[in-house]
Amino acid sequence: MSNPLRNETLAGMKVLVTVLPKPSVLDPQGAAAAEAIRHHGLEKIGRVRIGKMIEIELPEAADESLLHEIARDLLSNPVIEDYELKVVNA
Amino acid sequence: MSNPLRNETLAGMKVLVTVLPKPSVLDPQGAAAAEAIRHHGLEKIGRVRIGKMIEIELPEAADESLLHEIARDLLSNPVIEDYELKVVNA
Amino acid sequence: MDTTFMTPITPEVIAKHGITPDEFTRIREILGREPNFTELGVFSVMWSEHCSYKNSKLELKKFPTTGSRVLVKAGEENAGVIDIGDGWAIAFKMESHNHPSAVEPFQGAATGVGGIIRDIFTMGARPVFSMNSLRFGDIRGDSAEARTNRRLFAGVVEGISHYGNCIGIPTIGGEVYFDESYAGNPLVNVFCLGVLRHDQIARGGAVGIGNPVFYVGAETGRDGLAGAAFASRELTEESKEDRPAVQVGDPFREKLLLEACLELLASGCVAGIQDMGAAGLTCSTCETASRGGTGVEIDLNLVPKRETGMTPYEILLSESQERMLVIVTKGEEEKVRAIFEKWDLPYAEIGVVNDDGMMRVREGDSVAVEIPARKLADDAPLYSREAAPKSRPEALDLSKYPEADCHAALRTLLAHPSIASKQWVWRQYDHMVRLGATVLPGSDAAVFIVREAGKILAASTDCNAIYCRQDPREGARIAVAEAARNIACTGAIPLALTDNLNFGNPHKPENFLQLREAVEGLAEACRAFDTPVTGGNVSLYNESPAGAIDPTPTVGMVGIVEDARHITTQFFKAAGDAILLVGEPGDELGASHYLLAVHGMKAGPPPRLDYDKELAVQGAVRTLIRAGLVKSAHDCAEGGLAVALAESCLSGETKFGAAVQIPGGAKRADVALFNESQSRIVISVDPGKEAEVLTLLAREGVPAQKIGTVTAGPDLEIQASGRALRWPLAELHESWSGTIPTLMGA
Amino acid sequence: MKFAVLRFPGSNCDQDCVYALNAIAGASADYVWHKDTSLAGFDVVVIPGGFSYGDYLRCGAIARFSPVMQSVREFAASGGPVIGICNGFQILCESGLLPGALVRNRGLHFLCQHVRLRVESNASRFTNAAVPGQTLNIPIAHGEGCYFADEETLRSLQANGQVLLRYCDAQGRPTEAANPNGSRDNIAGIRNEAGNVFGLMPHPERACDPLLGSTDGLAIFHSLMKGWTQPS
Ligand SMILES: Nc1ncnc2c1ncn2[C@@H]1O[C@H](COP(=O)(O)OP(=O)(O)O)[C@@H](O)[C@H]1O
Ligand SMILES: [Mg+2]
């Protein structure tokens with residue numbers, strides 16, 4: 001915690017948005033990662049999916065519904081992706 | 001939970017690996033997202049960082065140190081990124 | 001508060017900065033006092049090899065840099081400028097990003113592209129195309145090393161693709177070689193060319209006392225701290241510790257910066273402009289002051305920053321990407337601000353030009369650095385290192401290398417990753433944006449239509465490092481000759497070239513000898529081909545724990561095609577066309593890829609280059625092309641005549657066969673097929689024009705003969721030294737085009 | 001007939017589109033800056049390729065919210081023709097002006113190459129200068145050009161004749177091998193239901209000058225210049 005930038009916002013919160021491709025959407029990146037992981041010695045794995053993790057620092061509380069709107073309309077594309085949103089204390 | 005693909009591995013576990021750019025490394029994507037989020041009406045935000053979320057289905061228990069090796073060497077690039085690894089029950 | 005101010009300057013601190021005791025004495029003399037810690041850092045980056053060329057400058061002076069078309073000479077500004085007629089000019093240059101790419105291939109290569117593009121638009125030129133010259137260790141097999149090499153190769157190509165594609169500058173050509181000498185120390189040399197009107201040439205001098213100094217572009221962060229110093233060291237296990245030196249590029253920002261700077265330069269408000277490349281703010285302030293014969297004073301408190309708590313040392317030495325320093329004509333500040341705002345770029349007025357010749361850096365009221373700018377920028381110590389005594393490569397004893405199965409050997413050569421098709425690479429690059437690529441990658445040289453100028457340019461990068469390893473002088477001469485030959489094959493006349501000198505640690509006499517020999521070879525060949533050097537880059541310390549790389553003086557040459565009807569490609573066009581060999585059949589197998597790929601050896605002297613012969617062959621082929629007599633032209637390079645023929649059969653959209661008889665008295669078929677003698681071009685001509693062409697060549701005194709006929713397929717047939725060989729095209733195609741995708745997992 | 005070529009920060013095929021339209025196709029085209037909000041005086045909107053806003057987050061995700069896109073929405077709603085090329089197609093999908101989405105190429109690599117396209121229908125103002133079944137040779141250059149839509153959307157695209165271009169082989173067959181990026185049903189270009197918004201991944205502006213190997217892209221620009229009348 002010696003990073004001054006982090007200290008600035010210690011008081012606030014963080015929004016964590018994870019965005020993953022819908023199961024029906026081709027995820028070639030996930031498939032390639034699965035291949036590479038098997039090659040690395042971990043043979044017994046099921047499906048691998050690769051998505052995005054977006055971390056937003058929030059110095060003060062924000063309206064949850066606005067956050068959801070942002071996650072749905074901007075940070076993800078509902079045609080191909082699902083998102084999950086979590087607000088945590090930083 | 002109607003997805004048949006998921007049922008197969010319900011018994012197993014999942015590894016969730018999040019990979020984020022190191023704090024000192026430039027994250028142009030995060031900066032662009034921050035701009036867009038502000039435009040979207042959420043003005044008071046701190047830094048935004050964008051990384052990857054990798055979800056690996058594990059039908060049976062795996063060696064943690066191997067998982068960490070995979071997360072560090074394969075799924076992330078330790079030069080510019082930090083990773084976090086969590087094993088959860090599916 | 002700046003604690004670094006108080007850091008005592010101990011001999012250890014000095015040594016850690018790569019400064020010798022003699023250099024430190026010189027620094028004290030220049031300052032007339034002890035430097036503080038920040039000043040020491042400033043000297044250390046400015047006097048690193050990367051910025052000062054202290055170990056190579058005396059050699060570089062040997063290059064010819066003048067000529068009737070030279071508008072700005074190499075070294076005067078960021079890149080040389082060459083006249084292409086009708087008031088138009090080009091600026092081009094090549095630059096290496098070897099060490100960053102070894103540590104982080106994607107970002108290392110991407111920021112290399114970003115850096116060279118800035119060099120070009122700093123000159124006032126609009127960048128119109130790029131090329132790249134790459135070297136990696138062997139990518140075949142399942143060893144950990146091969147896997148690492150594949151990872152580096154994939155990452156570098158992806159990084160170049162990412163940056164170049166996003167910014168919208170087509171990557172139209174280049175080369176890739178794979179050799180064990182580059183394991184752990186890949187070479188990533190990137191080339192960029194821009195066009196401008198003669199009256200648009202921008203200067204990098206801080207002129208006009210009282211003119212404000214603007215900073216524009218990305219905010220400064222701690223990334224890339226002291227990268228120039230990093231590039232001036234050998235890569236060791238500890239290089240991993242240098243990881244904070246890795247920079248992340250933002251091609252989107254650079255695109256905005258490019259457009260904004262070109263708009264700004266067109267507005268007439270700019271007195272001087274300089275990109276922040278290696279050594280960032282330090283280098284740009286002292287160089288602009290030195291060039292302008294002025295002083296520059298800046299205040300670090302005003303510099304846009306990405307992180308808090310940065311010390312002057314960190315701000316000055318940061319190599320954050322996508323930044324420029326602009327000296328604005330006083331009174332025009334508002335116009336400048338409006339342009340930066342239009343393009344949504346961070347900017348700040350951070351200082352002023354003055355007349356005291358000092359680079360003065362303040363942090364509010366306190367002075368952090370005060371150094372005579374010219375002494376810092378231009379008076380770095382110059383060294384002539386010790387060179388090992390010259391030795392000639394041993395003659396090749398052919399009896400040690402029995403004739404291999406030639407049928408298998410051609411497939412082995414075509415499947416050698418250095419010779420195999422590089423389509424896997426270039427199709428990841430957007431080579432078509434800007435509507436210029438009329439000859440796509442995959443032919444000898446790229447040919448590009450510069451729409452704004454109505455000119456057609458040809459460009460090629462070349463260097464055969466096996467030749468240079470065996471004989472750096474001859475290898476360097478051949479690099480220039482081959483580039484010119486590739487350009488001639490497209491119908492173009494060579495104009496000028498840029499070079500990138502990649503060598504090992506110059507403190508080792510054998511490496512310094514290679515550097516000197518190569519420079520002298522390049523210089524001599526540039527004179528012979530009348531292609532002045534417009535600038536370039538030196539990358540030394542290319543060593544891994546296993547030793548130095550093979551010497552690799554890469555050249556990037558540019559030529560001009562005078563009429564679109566002259567544009568010629570390397571692949572056969574129609575069955576029935578006559579195949580002619582311009583030049584002699586040849587017999588030199590030394591340093592060949594045949595010996596490497598089939599016998600596993602780098603042995604013997606490289607082929608000898610005879611300038612008169614070479615110039616005659618190139619000139620004759622160009623004359624024939626301009627007379628509309630040539631349907632395809634392809635030079636013989638790695639793998640000799642057999643590989644050249646196979647490439648002419650395979651590299652077009654329609655595949656053709658050929659029936660060929662190799663003339664000459666070579667006793668061994670492998671010599672006839674795979675020798676790499678210079679000054680040879682395979683052309684195909686309409687059967688009705690064959691006699692005319694041969695007559696013309698005879699009149700020019702150029703040896704030439706018909707060697708065969710293009711067929712509709714399905715085989716390539718070659719008779720050589722009494723042997724009749726036949727390869728199904730499909731098999732050759734699989735070897736040549738399948739190798740890299742298969743190795744790279746498609 | 002006046003073409004508006006939009007310029008977002010990061011657009012990089014804007015100049016190519018203007019050049020191809022003005023210097024080769026014989027049209028009249030001009031730039032419209034992303035901060036502008038008026039499309040008055042323009043008859044066709046072209047959203048060119050490139051990396052708008054760096055394509056950060058997702059291709060086209062941020063451009064969708066730029067000021068000019070509000071005007072494009074109104075322009076399209078009033079029946080004005082809009083063509084999105086490559087990044088422009090991505091922006092149109094992100095904006096909801098076209099159904100579906102463009103995701104990472106199946107092979108994960110950026111691909112720059114010539115492809116063959118079969119004209120599925122010429123009953124549109126974007127393809128009326130072509131013949132149905134005709135194949136066009138036009139290059140692609142993208143990393144995220146794999147067209148995705150759910151089954152229902154695909155069915156209605158098909159049923160309404162909204163698929164205008166499919167990747168095909170030299171014989172005009174839409175085979176797997178001819179599909180460069182894994183697009184559903186080999187889809188390379190679609191129009192909206194109303195027929196006035198068209199998105200395609202290939203770059204017609206790169207196939208107008210014979211010196212670049214093909215002039216098949218002109219079929220699309222000439223269609224637009226010809227205008228379109230409802231077939232009777
Ligand atoms: N790294 C690269 N980037 C773009 N094009 C490349 C690259 N490497 C090779 N090429 C293209 O592939 C073709 C063959 O390259 P190369 O075998 O080096 O040619 P040559 O031996 O004629 O110089 C050339 O058109 C070259 O531009
Ligand atoms: Mg060649």
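Naming convention: chains lettered A, B, ... in sequence-line order (proteins, then strands); numbering from 1 in each chain. On a predicted model such as this, the values are computed, not experimentally measured, just so you know. No hydrogens, no waters, no symmetry mates; every other heavy atom, side chains included, goes into these values.
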For [Y], does its backbone N or O pair with a side-chain atom of [X] as donor and acceptor, under 3.5 Å?
| X | Y | answer |
| --- | --- | --- |
| A:Asp82 | A:Lys22 | no |
| D:Asn87 | D:Ile91 | no |
| D:Ser11 | D:Asp14 | no |

Review point. Top residue by heavy-atom pair count (under 4.5 Å) with chain A, among D:Leu108, D:Ile62, D:Asn105?
Key: D:Leu108
Check your understanding: Relative to chain A, which segment of D:Leu57 carries a heavy atom at a distance below 4.5 Å: side chain, backbone, both, or neither?
Key -> both
Practice item. Measure distances from D:Asp150 to the heavy atoms of chain A and classify the residue's part below 4.5 Å as side chain, backbone, both or neither. Key: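 Interface part for D:Asp150: neither.
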Check your understanding: Is D:Arg191 positioned over the aromatic face of D:Phe198, cation under 6.0 angstrom from the ring centre and no more than 45 degrees off axis?
Key ->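 Not flagged: D:Arg191 not positioned over aromatic ring of D:Phe198.
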